[in-house]
Amino acid sequence: MNKNYVTLGEFIINNQHDFKYSSGELSRLINSIRLAAKIVNHEVNKAGLVDILGAAGDTNVQGEDQQKLDVYANDVFKSALINGEIVCGITSEEENDYITIEGKYNANDNKYVVLIDPLDGSSNIDVNVSVGTIFSIYRRITPLGMPVKKEDFLQKGSEQVAAGYIVYSTSTMLVYTTGNGVNGFTLNPATGSFYLSHPNMKFPESGNIFSINQGNYPHFPKGVKDYIKYCQEEIEDRPYTYRYIGSMVSDFHRNIIKGGIYIYPTSSKAPNGKLRLLYECNPMAFLTEQAGGKATNGFNRILDIQPNELHERSPIFCGSIKMVEKAESFMLKYKKG
Ligand code: AHG
Ligand code: MN
Ligand code: MN
């Protein structure tokens, strides 16, 4: 291990002053997420092992383990955030409603709410394919000293103060932004520390990878169908390479490094798309823009959407700026009204 590698802990302390509300609270919050990520990483790795054993014996265990892991990751992130005594509210893809934190400390005096997708791509767990966690952090808008309200969570993505993801894969990485670019840290399992391995991550302006579940092709809007045909055409630098893992975090992580576009559009079967605005689209859109890319719902900037519901869904087109703009141009051709 190169002695010059900066750990995530050091990086948080060194860069605290870059954050406009620099009070140390956000740093403590990211520390709680770092801790939860290590615990979930350990469990995800074990689950893979259990699945290998399960495949030779009791196949039912795999389905149950996968469900358990969703709940487990949710519990770990919730506990780490609550025990860190640093948030006033949490909402999660796995919860019906938002959680106000009452009890052992004066949580109502805390400034931040956290929104999480504790395990993203969880259908990949039983086949030992990479999964992730997505998190998004806002300052509360209701006054301090009171329990949080729904409106604290229903803020536009442009109000995020931090967002990031953890990808549990061949190596485990934590990638996050506090609005000053995107940095990636790799977990060294031997030392248990995350090290800055991918400083200042940027989407290449263009790329040659497109990621979309083409199984849904018959149900896609015409603009998306035309864009897929465009990607497949044999002209100039095309056809593009097609890659789809089925875990947004992993697909995004590949695309940010190599250059590409990730699309989860509307379809006749899912008129608002599948992905959740608060737990998936907004944090990934914030990271995308901070990495020099573009994230839209096909027509408008994701970060400008005013959410109305905690579990609201949105279509998303995100990645290398030129690729997203091209996809948008196809969408525009069929725009109604
Ligand atoms: P989650 O596991 O949190 O429900 O998210 C899964 C999401 C996303 O990660 C992935 O890109 C997408 O669902 C895959 O959906 P399809 O199987 O419909 O392509
Ligand atoms: Mn998800
Ligand atoms: Mn999930």
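Here, residue 1 is the first one in the sequence, and each next residue gets the next number. In each ligand, atom 1 is the first atom listed, and ligand 1 is the first ligand listed.
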Could you pull out, from Gly215, Ala270, Gly121, Gly273, the option with a heavy atom nearest to atom 2 (O) of ligand 1?
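It is Gly121 that holds the nearest heavy atom.
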Can you check which of Met248, Gln214, Lys274 brings a heavy atom nearest to atom 12 (C) of ligand 1?
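Going through Met248, Gln214, Lys274 one by one, Lys274 has the nearest heavy atom to atom 12 (C) of ligand 1.
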Under 2.8 Å: N/O/S of Leu119 next to the Mn ion (ligand 3)
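Yes, Leu119 qualifies, because one of its backbone or side-chain N, O or S atoms lies under 2.8 Å.
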NZ/NE/NH1/NH2 to OD/OE distance under 4.0 Å, Glu309 and Lys150:
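Yes, this pair counts.
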Note: Glu289-Lys294 ion pair, threshold 4.0 Å (strictly below)
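Not counted as a salt bridge, because no side-chain N and carboxylate O are separated by less than 4.0 Å.
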Quick check: Phe210 with Tyr242 (ring centres under 6.0 Å apart)?
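Yes, they do, as the ring centres are separated by less than 6.0 Å.
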[X] neighbourhood, listing ligand 1 atoms whose heavy-atom distance to it stays under 4.0 Å:
| X | result |
| --- | --- |
| Glu280 | 3 (O), 5 (O) |
| Tyr262 | 10 (C), 11 (O) |
| Leu275 | 7 (C), 8 (C), 13 (O) |

Out of the N/O/S atoms in Glu93, what is the name of the one closest to the Mn ion (ligand 3)?
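So the atom name we want here is OE1.
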May I ask whether Asn124 has any heavy atom positioned less than 4.0 angstrom from an atom of ligand 1?
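It does not; every heavy atom stays at 4.0 Å or beyond.
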Any N/O/S atom, side chain or main chain, of Asp117 closer to the Mn ion (ligand 2) than 2.8 Å?
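It does: Asp117 brings an N, O or S atom closer than 2.8 Å to the Mn ion (ligand 2).
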Below 30° counts as parallel, above 60° as perpendicular, anything between as tilted: where do the rings of [X] and [Y] land?
| X | Y | result |
| --- | --- | --- |
| Tyr279 | His311 | tilted |
| Tyr165 | His253 | perpendicular |
| Tyr227 | Tyr230 | parallel |

Proximal heteroatom of Glu280 relative to the Mn ion (ligand 2) (N/O/S)
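Distance check against the Mn ion (ligand 2) picks out OE2 in Glu280.
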In Asp120, which N, O or S atom comes closest to the Mn ion (ligand 2)?
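Closest N, O or S atom of Asp120 to the Mn ion (ligand 2): OD1.
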Protein heavy-atom partner closest to atom 5 (O) of ligand 1 - residue, atom, separation in Å:
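I find the closest protein heavy atom is Asp120 OD1, 3.2 Å.
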